[in-house]
2 protein chains.
Amino acid sequence: MSTPGRVTIRDVARRAGVSVATVSRVLAGGYPVLAVTRNKVLRAVRELDYVPNAHARALSAARPGAIAIVVDSVAMPYYAYIAQGVEEQAAQEGRLSLICTTGGDTGRELSIVQLLREQRAEAVILVGSVILDDEYRKRMTEYAHALAAAGSRLVLCGRPPLGEGVPALVVGYDNTGGAHAVTAHLLSAGHRRILYLGLRPGHTTSDSRVAGYRSALAEHGVPADPALEVEAEFTREAGYDAMKRRLAEGPPGFTAVFAGNDLVASGAIQALDEHGLSVPGDVSIVGYDDVPPAQDLRLTTVHLPHDELGRAAVRLALGRMASSPLILGTHIVVRGSVRPLGPR
Amino acid sequence: MSTPGRVTIRDVARRAGVSVATVSRVLAGGYPVLAVTRNKVLRAVRELDYVPNAHARALSAARPGAIAIVVDSVAMPYYAYIAQGVEEQAAQEGRLSLICTTGGDTGRELSIVQLLREQRAEAVILVGSVILDDEYRKRMTEYAHALAAAGSRLVLCGRPPLGEGVPALVVGYDNTGGAHAVTAHLLSAGHRRILYLGLRPGHTTSDSRVAGYRSALAEHGVPADPALEVEAEFTREAGYDAMKRRLAEGPPGFTAVFAGNDLVASGAIQALDEHGLSVPGDVSIVGYDDVPPAQDLRLTTVHLPHDELGRAAVRLALGRMASSPLILGTHIVVRGSVRPLGPR
DNA sequence: TCCAGGCAGGTAACCGGTTACATGGCGAAC
DNA sequence: GTTCGCCATGTAACCGGTTACCTGCCTGGA
């Protein structure tokens with residue numbers, strides 16, 4: 001009690017009048033020990049407030065490591081939901097799971113990965129879209145090799161594969177398909193001037209959504225118009241600002257909006273509202289992700305199986321599934337934010 | 001490479017032709033080593049893909065432990081925001097932080113606490129309101145002593161203190177004050193029949209909000225009416241269901257709603273909407289917490305400094321602040337969900 | 001020329017567990 | 001009455017680092 005945390009297995013052994021091996025056996029269980037001896041040990045443990053040291057334990061006996069998920073921020077529902085899936089599957093597999101946040105800071109990401117591999121985490125799951133440049137490729141390849149050297153598996157979620165020799169598993173969504181479907185939904189409601197809000201060149205998630213958007217337009221014979229593709233980060237604030245700026249430039253010139261994700265949609269709706277344009281009365285809008293704001297805003301959006309993604313990442317990491325890269329399907333959720341356009 | 005994660009400091013020493021002590025010194029830094037020797041060591045490290053074992057390291061050298069925050073679910077914005085504050089402050093203090101989720105399961109909570117104390121976490125931060133019964137008190141007291149015995153600090157967030165001899169720090173919000181203020185806001189807008197949606201007897205957070213609600217009514221000479229206090233858990237679904245049921249029973253009998261938190265408000269608004277009642281046209285509503293749905297719903301609510309709570313918890317745990325229990329203030333955020341009632 | 005002192009680097013004890021192997025005691029079988 | 005063998009328990013090596021202490025060498029001053 002005077003020096004907390006300093007009670008060792010030897011103290012317990014001395015107090016109980018047995019050897020350290022016996023104490024260890026009593027605590028581990030599954031080993032024949034006389035009831036009398038067991039009780040002496042357990043009493044000593046209680047009296048001394050003994051807590052085994054996990055580091056010492058991990059050092060000698062190889063036990064399953066933890067499963068860690070690394071995300072930008074847990075305050076973004078997209079990440080939170082995936083983390084939840086990871087937690088559930090990890091618990092089911094008898095593993096402990098941890099969530100680590102980087103705040104989008106590469107330096108922090110690096111020190112977290114460093115620490116996780118020193119901890120010999122069983123798996124490290126990196127989530128989130130990124131700008132796919134050489135620097136990124138190089139960094140991920142280094143992570144992959146370093147983690148592999150430490151005996152940890154690396155799973156990338158929602159990120160493109162790294163290439164042949166790199167030891168990294170991959171799982172993601174079919175962004176192009178979802179974007180195609182939701183754009184087609186707007187087109188079949190009669191919309192032709194559809195604003196894409198969320199352009200981010202080089203950004204993998206956005207790029208694949210844009211690709212889906214463009215291919216749907218092309219299929220319906222609607223020419224792509226660069227003026228209808230507007231840049232915006234995937235946050236509420238960015239959606240608001242971008243829409244605000246756009247509306248300030250002059251008449252909208254669009255009847256519908258495809259927002260890069262639900263947060264962007266949420267910001268855009270507020271901007272439209274402040275400009276006196278109602279949804280879906282004046283402007284139809286669809287989002288992407290199907291995270292909480294979507295429900296409150298009655299937003300038609302693309303549902304992503306976040307939970308499933310997290311679970312799949314864990315199963316991949318533990319070798320329960322073979323196929324990587326694994327692409328999960330999505331589907332549209334129709335709520336009330338799209339209004340059919342009458343024939344002109 | 002053949003047996004991953006099995007490269008030890010002795011392998012590196014052998015390869016570099018030096019002793020283990022030298023390798024350790026090179027890696028630790030801050031010790032005079034000839035440049036030639038250092039380079040030999042660093043080359044060997046690179047060639048062998050050596051990763052120091054964090055457990056072995058922690059075993060010999062006492063270094064700062066991690067700071068862990070334990071919450072029900074990271075998918076609830078309330079928890080996510082607090083976790084974010086913890087992360088930020090921990091990073092600032094040069095500590096790693098981890099988020100662990102229990103899914104509201106006491107068994108999982110227990111095994112997480114168990115693991116964290118074995119890991120010798122520097123601090124364990126438990127967040128969230130609870131049913132305050134003897135079983136809970138006993139469990140927390142046990143955690144507190146067990147963690148103290150392992151040398152970890154325990155911080156309770158948004159939970160009542162445990163009593164004198166129990167080694168636990170406490171930080172929370174002034175729920176009663178916030179509830180009083182927001183109820184007074186409705187009263188001064190002319191509302192007299194105010195439904196409280198979120199009763200949960202024994203539940204500490206709800207209880208203190210109800211207390212603030214009742215005291216505000218009393219101050220304005222409005223008699224408390226048990227029929228206006230409705231039970232609901234603090235989720236969107238519960239808010240929806242409770243309001244749905246209430247409306248099915250007959251005419252509302254209230255002109256305003258004080259929802260236990262923003263999620264409940266969000267559910268209630270949907271139920272009102274489906275019943276043909278608009279907000280704030282027909283019914284005024286206020287929430288609590290000021291988490292994301294509040295902004296989209298233009299909800300008048302009570303802002304909680306989640307970020308500050310997380311930061312305060314870390315500072316308390318690290319002994320940077322003395323005062324515990326620490327109560328953080330709150331303030332109303334007026335948006336558009338309350339309509340003044342004209343005189344009848 | 002000899003010795004003190006400083007510095008790079010090695011040796012080995014130690015952190016706190018787990019577990020292979022050794023030991024002693026006792027009952028069963030001969 | 002031996003001997004065999006099993007069972008409960010003890011002894012000590014080991015996991016992979018850190019670090020106190022020691023050694024050997026080189027330099028500088030008397």
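Hydrogens, waters and symmetry mates are skipped; everything else that's a heavy atom, side chains included, is used. Here is the naming used below: chain letters follow the sequence lines, and residue numbers restart at 1 for every chain.
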Side chain of [X]: nearest nucleotide among [options]?
X        : options                   : answer
Pro32(A) : dG16(C), dA8(D), dA12(D)  : dA8(D)
Ser19(B) : dG10(C), dT18(D), dT11(D) : dG10(C)
Thr22(B) : dG10(C), dG17(D), dT19(C) : dG10(C)
Arg57(B) : dT18(D), dA12(D), dT19(D) : dT18(D)

Quick one: is Arg6(B) getting a side-chain N or O under 4.0 Å of the dG16(D) phosphate, OP1 or OP2?
yes
Can you tell me if the side-chain N/O atoms of Ser24(A) get under 4.0 Å from OP1 or OP2 in dG17(C)?
no
Distance-only donor-acceptor check, side chains Gln92(A) and Glu88(A), under 3.5 Å:
no
Between the side chains of Thr101(A) and Gln84(B), is a donor N or O closer than 3.5 angstrom to an acceptor N or O?
no
Between Arg139(A) (side chain only) and Arg137(A) (backbone N and O only), is there a donor and an acceptor less than 3.5 Å apart?
no
Using only heavy-atom distances, decide whether a donor-acceptor pair under 3.5 angstrom links the side-chain of Arg25(A) to the base of dG10(D).
yes
Specify the separation, in whole Å, of atom [atom1] of [X] and atom [atom2] of [N].
X         : N       : atom1 : atom2 : result
Asn53(A)  : dC14(C) : CG    : P     : 18 Å
Ile9(A)   : dT11(D) : CD1   : C1'   : 14 Å
Arg10(B)  : dT11(C) : CZ    : C1'   : 11 Å
Leu27(B)  : dT18(D) : CG    : C1'   : 12 Å
Gln119(A) : dG16(D) : CD    : P     : 16 Å
His55(A)  : dT18(C) : NE2   : P     : 14 Å
Tyr31(A)  : dC7(D)  : OH    : C1'   : 10 Å
Leu59(B)  : dC15(D) : CG    : P     : 14 Å

Drop me the distance from Tyr143(A)'s OH to Lys138(A)'s NZ, to the nearest 0.5 angstrom.
11.5 Å
Using a cut-off of strictly less than 4.0 Å between a heavy atom of the residue and any atom of DNA chain D, enumerate the qualifying residues of residues 34-44 of chain A by number.
Leu34(A), Thr37(A)
Answer yes when Glu93(B) and Arg320(B) have at least one side-chain N-carboxylate O distance shorter than 4.0 Å, and no when they do not.
yes
Earlier contact from the 5' end, DNA chain C, for Val33(B) and Ser60(B):
Val33(B)
Can you give me the closest heavy-atom contact between Leu169(B) and Leu316(B), atom names plus distance?
CD1-O, 3.6 Å
Assign Val18(A) to base, sugar-phosphate, or nothing according to its heavy-atom contacts below 4.0 angstrom with the strands shown.
sugar-phosphate
For Arg43(B), I'd like to know if atom CZ has over 12 heavy atoms of other residues, nucleotides or ligands within 6.0 Å.
no
